[in-house]
Amino acid sequence: MNDPLPPLLRALNGESLPPPPVWLMRQAGRYLPEYREVRASVGGFLDLCHSPDKATEVTLQPIRRYGFDAAILFSDILVVPDALGQKVTFAEGEGPRLDPLRKSEDLAVLSKVGFQDKVRTVWRTVESLRQTLDPSVALIGFAGSPWTVATYMVEGRGSKDYISVKKMAYGDPGLFQQIIDILVDASFDYLLGQIDHGAQVLQLFDSWAGVLPETEFERWVIAPTKILVSRLKAARPGIKIIGFPKGAGVLAEAYALETGVDGISLDASQSLSWAVKTLSPRFTLQGNLDPILLVTGGAAMERAVDHILETTKGVPFIFNLGHGIVPETPPENVKKLMERVRR
Ligand code: CP3
């Protein structure tokens with residue numbers, strides 16, 4: 001007998017489901033004591049991403065606790081530059097550190113040789129997850145979008161003003177294009193492997209899409225994403241793809257129309273009623289509760305949840321946050337959120 005389609009896939013096929021399917025960005029992570037326990041049992045954070053048993057376990061922890069409609073592979077967007085040969089470390093409490101790429105010679109560290117062997121552990125996690133998960137729970141694979149991963153590769157760390165990466169993108173676009181092309185190519189292989197090991201949906205995280213002016217957004221966010229999406233869809237026609245151009249504002253419309261994604265994840269600052277009018281029902285909407293409302297909890301959170309459900313009534317929709325869960329989030333607030341969404 002065929003298993004019925006998981007609600008997340010039905011929503012991405014254009015169905016409006018009351019209540020909507022729900023999952024949360026960064027649903028696995030430091031806000032959960034059981035995550036911190038597994039995290040303490042490995043050395044570096046990337047070791048956790050490359051341990052299929054442990055990565056499977058931390059992916060499943062929030063599914064067991066809350067019964068989300070989707071599990072998102074536990075890994076990180078910086079697995080790709082690491083597998084390409086750039087040095088990536090996660091200093092405790094400080095975020096990622098990379099040996100920055102600033103000039104042409106620096107790109108010599110990047111190589112596709114050994115890339116597949118390096119990311120194979122992540123594909124094994126995907127495979128073990130699909131074997132373990134109930135068929136009603138969709139499995140989401142992911143990668144960072146080329147622009148966002150490139151910001152870390154050029155800046156060498158998280159940034160406030162993006163001076164180094166913008167200087168390269170605006171001042172030496174030929175060099176920056178080389179980095180973007182390498183990332184499109186590597187991300188394609190990485191995501192194709194995730195699909196072939198059991199991922200049913202892919203999310204492309206473009207966390208820093210919102211820092212670029214319109215013409216540069218077209219060139220560095222939309223254009224590479226469009227190539228990546230079209231190559232993935234040509235290779236595996238059934239695959240569903242959600243784009244998350246965080247901070248894009250009204251440029252989310254051009255992003256949706258031009259890239260070929262199936263769903264658009266909205267950040268908390270975006271107007272849901274605008275998105276319903278502009279993007280529904282052609283694109284499935286996802287979002288967009290402010291993650292800090294999940295820290296706050298109580299009536300403020302419940303009002304915001306009700307507003308989101310009210311605004312998206314009748315359109316294809318996936319409930320999520322506008323960005324990832326923060327470590328300060330009380331786990332019981334996530335339970336209350338789930339009860340409110342499914343009430
Ligand atoms: O549950 C899930 O959502 C799946 C796992 C996941 C992680 N990172 C785990 C993680 C996903 C989907 C990501 C994506 C990611 N990683 C993004 C895009 C989404 C976003 O948040 O904007 C970005 C920009 C990164 C890069 C990254 N990884 C940063 C900046 C940091 C440090 C800051 C932080 O939040 O800790 C990480 C580390 C990281 N990635 C942790 C986790 C659980 C915490 C590290 C730890 O446990 O020590």
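Note that ligands are numbered from 1 as they come in the structure, with each ligand's atoms numbered from 1 the same way. Just so you know, these numbers use all the heavy atoms, side chains as well, and skip hydrogens, waters and symmetry mates.
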*Do the ring planes of W147 and F176 sit parallel (below 30°), tilted (30 to 60°) or perpendicular (above 60°)?*
perpendicular

_Ionic contact status for R10 with D69, cut-off 4.0 Å_ = no

*Heavy-atom contacts with P96 under 4.0 Å: which atoms of ligand 1 show up? List them by number with element.*
29 (C), 30 (C), 31 (C), 32 (C)

*Any N/O of Y152 closer than 3.5 Å to an N/O of ligand 1?*
no

*For atom 38 (C) of ligand 1, what's the nearest protein heavy atom and its distance?*
F90 CE2, 3.5 Å

*Of the backbone atoms (N, CA, C, O) and the side-chain heavy atoms from C-beta on, which set of H323 has a member under 4.0 Å from an atom of ligand 1: side chain, backbone, both, or neither?*
side chain

*Please report which non-hydrogen protein atom sits nearest to atom 46 (C) of ligand 1, along with the residue it belongs to and the distance in Å to one decimal place.*
R39 NE, 3.3 Å

*asked:* Around atom NZ of K226, are there more than 12 heavy atoms from other residues, nucleotides or ligands closer than 6.0 Å?
replied: no

*Quick one: nearest non-hydrogen protein atom to atom 16 (N) of ligand 1, plus distance?*
D76 OD1, 2.9 Å

*Which one holds for R26 and ligand 1: side chain close, backbone close, both close, or neither close, with close meaning a heavy atom under 4.0 Å?*
both

*Is I163 isolated, or which residues cluster with it under the ILVMFWY side-chain rule of less than 4.5 Å, directly or via members?*
none

*Is the shortest distance from a Lys or Arg side-chain nitrogen in D196 or R236 to a carboxylate oxygen in the other one below 4.0 Å?*
yes

*How does T148 reach ligand 1, if at all, at less than 4.0 Å between non-hydrogen atoms: by side chain, backbone, both, or neither?*
neither

*Taking atom 10 (C) of ligand 1 as the point of reference, which of F142, F45, W208 owns the nearest heavy atom?*
F45

_Once rounded to the nearest 0.5 Å, what's the spacing between atom CZ of R97 and atom CZ of F90?_
10.5 Å

*Have a look at ligand 1 and work out which part of S75, if any, has a heavy atom under 4.0 Å from it: side chain, backbone, both or neither.*
backbone

*Which atoms of ligand 1 sit under 4.0 Å from any heavy atom of S207?*
18 (C), 19 (C), 20 (C), 22 (O), 24 (C)

*Is L73 in contact with ligand 1, taking contact as a heavy-atom separation below 4.0 Å?*
yes

*Could you tell me which atoms of ligand 1, counted from 1 in the order shown, lie closer than 4.0 angstrom to a heavy atom of F205?*
12 (C), 18 (C), 19 (C)

*ligand 1 versus R30, non-hydrogen atoms closer than 4.0 Å: side chain, backbone, both, neither?*
side chain

*Hey, which atoms in ligand 1 end up nearer than 4.0 Å to a heavy atom of A28?*
1 (O)

*Measure the distance from atom 15 (C) of ligand 1 to every protein heavy atom, then report the residue, atom name and distance (to 0.1 Å) of the closest one.*
I77 CG2, 3.7 Å

*Aromatic contact, F142 with F244 (centres under 6.0 Å)*: no

*Would R303 and D306 pass as an ion pair if we require N to O under 4.0 Å?*
no

_Quick check: Y35 and ligand 1, any N/O pair under 3.5 Å apart?_
yes

*Side chains of Q286 and W23: do they bring a donor and an acceptor to under 3.5 Å?*
yes

*Which of parallel (below 30°), tilted (30 to 60°) and perpendicular (above 60°) describes Y66 and F68?*
tilted

*Go through the side-chain N and O atoms of T225 and T259 and say whether any donor and acceptor fall under 3.5 Å apart.*
no

